[in-house]
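Written out below as structure tokens is the structure these notes cover.
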Amino acid sequence: MGSFSIWHWLIVLLIVVMVFGTKKLKNMGGDLGGAVKGFKDGMKEGGQSAADAKDTPPGQVSHAQATDKATIDVEAKQKS
């Protein structure tokens, strides 16, 4: 009673195909495959970039970059 036979699964598959159609199921399968592939690639890149980040020290902001003339300090302005 706990497990379904092959006939139960075939009937469920037939109902799903009738409801969604084969074209929509094909598109959903392709989207799911692309998402899984993207996730795997992201996991590979994430592991490599974390190892690279340990090797290089973080960059520091120099005083010349912090006091750029084009930068406007919004908090310094007072409303009158």
Side-chain angles (χ1 to χ4, degrees):
M1 180 125 193
S3 65
F4 292 106
S5 70
I6 188 71
W7 293 109
H8 290 107
W9 290 115
L10 288 175
I11 292 171
V12 169
L13 179 65
L14 179 67
I15 292 171
V16 168
V17 168
M18 287 173 49
V19 169
F20 292 110
T22 56
K23 187 174 182 180
K24 191 165 189 172
L25 288 174
K26 180 182 175 184
N27 291 340
M28 287 190 324
D31 291 343
L32 180 64
V36 170
K37 184 179 179 189
F39 178 75
K40 286 182 180 179
D41 291 342
M43 292 299 292
K44 288 180 184 176
E45 290 174 4
Q48 292 172 353
S49 65
D52 293 340
K54 292 179 183 177
D55 295 338
T56 59
Q60 295 180 350
V61 177
S62 67
H63 183 61
Q65 291 175 344
T67 59
D68 187 14
K69 298 286 185 191
T71 304
I72 299 173
D73 191 6
V74 178
E75 293 179 10
K77 293 183 178 182
Q78 297 290 330
K79 289 186 178 181
S80 34

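- Residues I15 and M18 fall into different hydrophobic clusters, defined by Ile, Leu, Val, Met, Phe, Trp and Tyr side chains chained together at heavy-atom separations under 4.5 Å.
- A distance of 11.0 Å separates CD1 in I6 from CD1 in I11, rounded to the nearest 0.5 Å.
- With values rounded to the nearest 0.5 angstrom, M43 atom CE is found 11.5 Å from K40 atom NZ.
- Both L25 and V19 are part of a single hydrophobic cluster, where members link through side-chain heavy atoms under 4.5 Å apart.
- For W7, there are no ring-ring contact (aromatic ring centres under 6.0 Å, His included) partners, not counting sequence neighbours.
- Counting only heavy atoms from C-beta outward, the side chains of M28 and L32 never approach each other to under 4.5 Å.
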